[in-house]
Amino acid sequence: MSDLWGLGDEGFDSVQRPSPIGPRGDAVPEHLLEGLNPPQREAVLHRGPALLIVAGAGSGKTRVLTHRIAGLLATREAWPSQILAITFTNKAAAEMRERVHSLIGEEASGMWIRTFHSACVRILRREAEEFGFKQSFTIYDSGDVRALIKRLIKERGADIQGLTPGGVSARISKAKNELHDVDSWARTANLENPLDQAFLELWRDYDRELRRANAFDFDDLISQTVFLFRAFPHVAAQYRKRFRHILVDEYQDTNAAQYALIRELTQPVTRADLPDLRSDLPGASLTVVGDSDQSIYAFRGADIRNITDFERDFAGARAILLEQNYRSTQNILSAANAVIGNNFDRREKRLWTDSGDGAKIVGFTGYSGHDEAQFVADEIVELTSGGMAYSDIAVFYRTNAQTRALEEVLIRTAIPYKVIGGTKFYERAEIKDAMAYLITVANPADPLSLRRIMNVPKRGIGPATEAALQAFADEHGITLRDALRRVDEIALGPKVAAAIKDLAALLDHWSERPEADPGEVLRDLLSRSGYTDQLRRSPDPQDAARLENVEELVAVTREYRRQNPGGNLIDFLTETALVAAADELDDSGGQVSLMTLHTAKGLEFDAVFITGVEEDLLPHRISANEPGGPAEERRLFYVGITRARQRLHLSLAMTRAQFGEVNPAVPSRFLEEIPAELVDWRTLPTTMRPAPAQRAVGRWSDGPRESFVTGFRDPKPLPKGKGTFANTITEVRDNSALELSPGDRIRHKDFGEGRVQAVSGAGAKRIAEVQFDQVGRKRLLIKIAPIELL
DNA sequence: GGATTGGGCTTGCTC
DNA sequence: AGCCCAATCC
């Protein structure tokens, strides 16, 4: 992805070239149509103002998209520079670029194949000066945003009103995704409400601080681009004129701001806006690809109506349905179809394949999250000893917290793995420190990163000194960074003043050299600031690891420069700000991939494990109270299932550790939706029904499926359904009354006989530690363990 | 000014 | 169980 970022103007001049659109040139070459099924072929060939490709999972949409682009170029209907393709991740962008390249060679360079965010950054940098930003703006990540809002809340004393950084930032983000700005939001808000009033003021503060810091947050990147286009029609017109073919992948996950951006870009170009135009131009041709069954980003503002209403929205739109799946076995697809069929408000679509049933889905129920993880590890050993590569295997989970047990067991089993996303490299404190040095250099207006490093390593610049500097800056209307430079004018101790002067000189030295090699800048900053020395001298073994991480970052910057000759500091910072979790995937890694179900979208693996298929986890507890929540959770499960090519494993546990507590877990309702004959249960899920006291709370209200986890402790059998194991439910167990003490002999349904070593915990959470004669030591939650006293 | 400690909160997903 | 923050102590 060497040329994805930066300010290079490569290809932009070609806007001035005459458009090759007109009477169609040559026919699309046959090699671009080879091996395509009829709807795929049509999706490649169709020409018109708007095209919707409804692409079921694994139906070859990337192939269709790349061939469509290649076709446009090969027939000379478009120059590369007239193509804008929006993908969901940088990795997908790089892949698409490569594939188009391999189809038609050199002619492919000059296209914009980018994510929404990266395309918008590029536009904003180019036009920054036009609307009052400096080109060197930096991007605040969610951590930065929280830190800033936290400070603002404190300053206003708004915390007493119950406003939290997380809450406020989520609300601002949501509003920006809906394309509101402070003023438009204010007009719709009820300002009688003091909470809304306080929020509004915070938002105003926040935007002002961002602007002062010459920074944007993630959501700004999209919405500000839209505002820019609306405020400056002649700027918008340039891009409209340039991009004649716009293609958007994962369209089901676009939000209002992204939709508006697409709308803006596909408007006709008029001579009123661009006087040197010979005649008005129609809007760009728009192709969107998506699958409403895979819409899983509502929490980020994704609006499923963008895709469901597409044909009504864009005049002359044509829709093409791709249902043949080239990825998975029929068993996996049947399970996926059955599950998603339970979402009622969808356009019917059934995936099929002609490649055979394949292996049955494997199901497993562990006694604990650890036990479940052990199953995953055992199966991976089994699969790899059968010749499968580690890199063809993935383990999915709903929440990042589930990685702990998995990692522990994988390490013990010596299985190489990589956690994709989660606690990211760039979130480590020492990496953030190092990055803050770089940001301070690149964007001197930003006080946030300066504050972070001002006293790291220790220079004796404490809160009091910082406050004095800030006061001086406010008094003179200058930035904090400028105040550093004028430290002589502030009454401070000679030692502190000298330290500040040194720091200011170091930062200024590199700020004056914006085109320097980022790796060199970083290395010098870390060494001359004393940062590396401090870590090196520390007796703390953790600091040795931190030092390694920082050195790793230096290596990353060096590698960046190697891949992007001439790439400057701003380019590097932009790239790192916009990396997505899925970008971390490295096929050559030879490692099992661990990731959330969300991160898994768009990927595929020979063998897939979906873990924690339990109520309250999948579907997640919080989704129960959200409109459309349970349906979205089902789509998430569907996305997970359809990632698998050959083997699918579904696992759950009977107890789940959470917040350091162990709680009983209930099998997910989604399991019941899979036809029983598709699943080979190694260990059947048992239905543990909640105690009467819990019955009324937290029950799901998603259609008629309540029976499965009903709160009634009714001794009658559960209503029989087509359920997977409704008719094979083992005994309803409740050992609450069972009293165990060390020395007791017990018998366990699966582990055989053993002796109780210790009992801990109280009430429903009592745990017995048992030495079993055959299988060794186990911890059991007494309430639900299948045991009897001998 | 800086280190240590204890309490409260968290874990829902992400560009 | 871990992280963050405030209070407390040096």
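Residue numbers begin at 1 in each chain, while the letters A, B, ... track the order of the sequences.
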* To do: Find the distance A/F299:CZ to B/dC13:C1' and express it as a whole number of Å.
  => 4 Å

* Mind calculating the distance between NE2 (A/H620) and P (B/dT14) to the nearest angstrom? => 12 Å

Protein-nucleotides 1-8 of chain C N/O pairs closer than 3.5 Å?
residue : atom : partner : partner atom : Å
C/dC5   : OP1  : A/K150  : NZ           : 2.1
C/dC5   : O5'  : A/K150  : NZ           : 3.1
C/dA6   : OP1  : A/K154  : NZ           : 3.3

Pairing residues for [X] by the side chain to side chain donor-acceptor pair (under 3.5 Å) criterion, not counting sequence neighbours:
X      : result
A/R404 : none
A/N306 : A/T254
A/R211 : none

Identify, with sequence neighbours excluded, every residue that meets salt bridge (charged side-chain N to carboxylate O under 4.0 Å, His left out) alongside [X].
X      : result
A/D446 : none
A/K432 : none
A/K458 : none
A/E614 : A/R656

* **Within residues 491-503 of chain A: residues closer than 4.0 Å to DNA chain B (heavy atoms)** =>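 DNA chain B contact set from residues 491-503 of chain A: none.
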
What does the list of N/O pairs under 3.5 Å between the protein and nucleotides 2-9 of chain B look like, with a distance for each?
residue : atom : partner : partner atom : Å
B/dG2   : OP2  : A/N455  : ND2          : 3.3

* Using the side chain to side chain donor-acceptor pair (under 3.5 Å) rule, collect all pairs that involve residues 493-504 of chain A, keeping only residues at least two apart or in two chains. => A/D488-A/K501

* **salt bridge (Lys or Arg N to Asp or Glu O under 4.0 Å) contacts touching residues 140-150 of chain A (sequence neighbours left out)** => none

* Asked: Angle class for the A/F216/A/F137 ring planes (parallel below 30°, perpendicular above 60°, tilted otherwise)?
  -> perpendicular

